[in-house]
Amino acid sequence: MGSEADMARHRVLGTNGRVLVAAFGVVGVTALAAVWTAQAGTAEAGAGASATPKPTPIVGQTSKPDPELPDPVVNMDIAHASDKGAKGVNITIDDGPDPTWTPQVLQVLKANGVKATFCMVGPQAQAHPDLVKDVVADGHRLCDHSISHDTTMGTKSSAYQSKEILDAQRMITKASGGVKPLYYRAPGGAFTPYSRQIAASQGMRPLGWNVDSKDFEKPGVEAMVNTVKNEISSGPTVLFHDAGGDRGQTVEALRQVLPWLKQEGYSFGFPVR
């Protein structure tokens, strides 16, 4: 359950319509192509997505640091496990913060006593610092999800990858009032050894996922809940979204699936560091 190929199941992802247009895919030793189609917004800002071709899974990861790069200060392998152990679940929320949906997600999490990891896009955090602070105040953790949500960044220069990661880190940290992201999630799982080491050198553990709720495709609440129920045995880290369009189904799916996970004996934690 711990390879980058796990993340190939996540076919579609987007960001808030006011900020950016991106494609979501997976890149590593093998290249992939995935297309993100904007549903709304301007040429500068798209929101939402439609189904895209299944990305090509990439081969495993290397944990050997490059001596030419800064030394990692946390493990640079992609995290999937939970700090709560075998019956732990990590709820992760991507692409926000969003002024409509992030508060509703926070409300559901609070009602269920659940802490989550919010993977934020830099400009979104910059645009909504109050929401970033709300996330931190509720005891959730922050994750760097890049600047432009470019899922092809793994094919681009090291300077480009570094800027995407480090500029987003600075934006999120500033918006939070000084709380740094503890994780880095590459758009579409487009990790490279370089991006993982750069993130880890800044104290951000690369973060993957095991269960894709597929909420971005808006398959219906029941389908999303069933996906989590059927796939949680494959690993603890579950992917949801709080931006990129109407996330009403996500809010309701969380409202239903969080109590179910508790009833099944799961506890909620954070990804390992």
Given Leu207 and Phe191, is the side-chain contact (heavy atoms from CB on, under 4.5 Å) satisfied, shown in steps? CA-CA 10 Å; Leu207 175 59; Phe191 291 100; 5.5 Å; no
Rounded to the nearest 0.5 Å, what separation is found between the OG1 atom of Thr102 and the CG atom of Leu131?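 That separation rounds to 5.5 Å.
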Nearest 0.5 Å, what's the CG-CZ distance between Asp242 and Arg247? 9.0 Å
Does anything in [range] form a salt bridge (Lys or Arg N to Asp or Glu O under 4.0 Å)? List the pairs, not counting sequence neighbours.
range	answer
residues 105-133	Lys110-Asp138
residues 161-174	Lys163-Asp167, Asp167-Arg170
residues 258-273	none

Which residues satisfy the side-chain hydrogen bond (donor to acceptor under 3.5 Å, both in side chains) test with [X], sequence neighbours excluded?
X	value
Asp144	none
Gln256	Glu252
Gln169	none
Ser82	Asn90

Just by distance, with hydrogens left out, do Thr192 and Ser195 show a side-chain donor and acceptor under 3.5 Å apart?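 On atom types as modelled, these side chains qualify, holding a pair under 3.5 Å.
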Go through the structure and list residues passing side-chain contact (heavy atoms from CB on, under 4.5 Å) with [X], not counting sequence neighbours.
X	result
Met171	Pro123, Gln126, Ile147
Ala116	Ile91, Ile93, Leu109, Phe118, His140
Gln104	Thr100, Trp101, Val251

Under a 4.5 Å cut-off applied to non-hydrogen side-chain atoms, are [X] and [Y] in contact?
X	Y	value
Phe216	Leu239	no
Ile78	Arg196	yes
Met120	Leu142	yes

Pairs meeting criterion ring pair (Phe, Tyr, Trp, His ring centres under 6.0 Å) with involvement of residues 247-272, two or more places apart: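 Residue pairs with at least one partner in residues 247-272: there are none.
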Any carboxylate oxygen within less than 4.0 angstrom of a Lys/Arg side-chain nitrogen, looking at Asp77 and Arg205?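 Between Arg205 and Asp77 there is no salt bridge, as every charged N stays at least 4.0 Å from the carboxylate O atoms.
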Salt bridge present between Asp94 and Arg185 (N-O < 4.0 angstrom):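 A salt bridge is present here (some side-chain N lies under 4.0 Å from a carboxylate O).
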Is there a side-chain contact (heavy atoms from CB on, under 4.5 Å) between Leu69 and Tyr194 once you walk through the steps? CA-CA 8 Å; Leu69 298 179; Tyr194 177 88; 3.3 Å; yes
Partners passing salt bridge (Lys or Arg N to Asp or Glu O under 4.0 Å) against Lys84 (at least two apart in sequence or in another chain):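 Per chain and number, Lys84 pairs via salt bridge (Lys or Arg N to Asp or Glu O under 4.0 Å) with no residue.
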